[in-house]
There are 2 protein chains.
Amino acid sequence: MSREAVQIGEAAKVSGVKVPTIRYYEQIGLLPALSRTEGNRRTYDAADVQRLVFIRHARELGFEIDAIRALLSLQDKPNQSCAEADAIARARLAEVDQRLTSLSALKAELKHMIEGCAHGKIAQCRVIEVLADHGECRHHFA
Amino acid sequence: MSREAVQIGEAAKVSGVKVPTIRYYEQIGLLPALSRTEGNRRTYDAADVQRLVFIRHARELGFEIDAIRALLSLQDKPNQSCAEADAIARARLAEVDQRLTSLSALKAELKHMIEGCAHGKIAQCRVIEVLADHGECRHHFA
DNA sequence: CTACATCCTCTAGTCACTAGAGGAGCAAAC
DNA sequence: GTTTGCTCCTCTAGTGACTAGAGGATGTAG
């Protein structure tokens with residue numbers, strides 16, 4: 001119905017992506033060429049804003065721009081076979097799994113640190129010790 | 001006993017921090033001024049290597065350089081109160097918790113996508129949808 | 001019609017590295 | 001004793017993903 005097209009400031013407010021970042025995303029080709037007003041201002045319709053929200057979420061979750069680009073390319077051609085999507089999804093899943101493992105370990109360590117700190121001096125804290133000595137950690141993070 | 005002083009390559013191998021990164025850390029003052037050999041080569045004793053391991057772990061776990069600098073400064077004056085270290089740890093814990101929540105949700109959706117993809121088209125996958133619409137997510141991440 | 005917000009482009013800065021050029025030190029092989 | 005080859009040195013520049021600022025155009029409200 002309504003051709004609700006907003007300008008960049010409103011798009012930023014709604015999507016949660018900052019104005020210069022939106023322009024940056026356009027520059028690197030993460031957003032398609034946008035329509036402009038007479039006065040050369042970018043306009044964003046609902047789909048564009050949706051795309052921005054998607055990008056923000058993915059970035060917050062630690063996806064790199066190239067991974068997001070891949071996912072977006074899938075979104076743009078939704079009738080293809082799933083082989084490609086499957087490959088991308090599996091790769092991301094592996095990445096996510098590894099991140100989860102590392103973060104769980106970190107969480108345990110941080111809790112431990114805070115508990116240790118509750119009653120003492122740094123000399124008794126294990127923050128540094130834990131991070132310096134932590135034997136079973138994984139070297140390759142992401 | 002042994003004044004085991006190694007050169008940068010060995011220090012890198014043992015600590016898991018790359019050679020140029022070690023030099024970079026020295027440059028930004030994360031490592032103290034190092035002793036050099038006659039031929040101007042950096043030498044690292046056990047404590048230096050320990051410090052590098054500590055830094056690597058902290059970086060892998062998502063600590064920023066400034067946070068690490070703070071922790072190291074605490075390490076260097078270990079008789080002070082823990083308040084500062086505690087604050088740093090608590091801040092990280094909150095962030096890590098949030099990240100864990102988001103990643104768990106994403107993992108579920110990626111699994112769902114892979115399952116869904118086994119028999120269908122991308123149109124039936126929910127990853128993109130989920131990332132675009134995810135309502136209960138938090139905007140302010142770090 | 002003048003203020004003022006919002007937009008435009010462009011360049012440069014940030015963080016935490018990473019890569020490369022060009023050269024010196026040092027150990028062993030010929 | 002010199003040549004091969006490895007590790008090291010400094011220095012500059014490049015990366016990813018933004019972020020900040022200059023300087024100017026547009027669009028709206030009083």
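Every chain is numbered from 1, with letters handed out A, B, ... down the list of sequences.
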- Item | With A:R41 via side-chain hydrogen bond (donor to acceptor under 3.5 Å, both in side chains) - residues at least two apart | none

- salt bridge (charged side-chain N to carboxylate O under 4.0 Å, His left out) assessment of B:D48 paired with B:R51: CA-CA 5 Å; B:D48 296 323; B:R51 201 174 174 101; over 6 Å; no

- Task: Would you kindly give the NZ-to-P distance between A:K18 and D:dC18, to the nearest whole Å?
- Result: 9 Å

- Walk me through it: do B:R42 and B:E10 pass the test salt bridge (charged side-chain N to carboxylate O under 4.0 Å, His left out)? CA-CA 11 Å; B:R42 291 167 180 86; B:E10 184 66 13; over 6 Å; no

- Task: Have a look at A:Q7 and say if it touches a base, only the backbone sugar-phosphate, or nothing, with a 4.0 Å heavy-atom cut-off.
- Result: sugar-phosphate

- Note on the structure: Residue pair B:E38/A:I8 against DNA chain C: nearer the 5' end by closest nucleotide is A:I8

- Message: I need the CG-C1' distance between A:D66 and D:dT15, as an integer number of Å.
- Response: 12 Å

- Query: How many Å lie between CD1 on A:I55 and C1' on D:dA17, as a whole number?
  - Reply: 13 Å

- In numerical order, the residues of residues 20-29 of chain B whose heavy atoms come under 4.0 Å of DNA chain C are B:T21, B:Y24, B:Y25

- Message: Go nucleotide by nucleotide along DNA chain D from the 5' end; which of B:R41 and A:N40 gets its closest nucleotide reached first?
- Response: B:R41

- Item | Gap between atoms CD and P, on B:E10 and D:dT7 respectively (whole Å) | 11 Å

- Are side-chain heavy atoms of B:R59 and B:V17 found at a separation under 4.5 Å? no

- With a 4.5 Å heavy-atom cut-off, do A:L100 and B:L100 have their side chains touching? yes

- Message: Quick one, A:L30 and A:I55 - any side-chain contact, counting heavy atoms below 4.5 Å?
- Response: yes

- Message: Quick one, B:R69 with B:E64, criterion salt bridge (charged side-chain N to carboxylate O under 4.0 Å, His left out). Give me CA distance, side-chain angles, the key distance, then yes/no.
- Response: CA-CA 9 Å; B:R69 210 189 292 274; B:E64 285 172 14; over 6 Å; no

- Item | Distance test, side-chain N/O of B:R42 to OP1/OP2 of D:dT7, below 4.0 Å | no

- Classify the side-chain pair B:T37/B:T43 by whether it contains a donor and acceptor separated by less than 3.5 Å. no

- Which is the 5'-most and which the 3'-most nucleotide of DNA chain C that has an atom under 4.0 Å from a heavy atom of chain A? C:dT6 to C:dT9

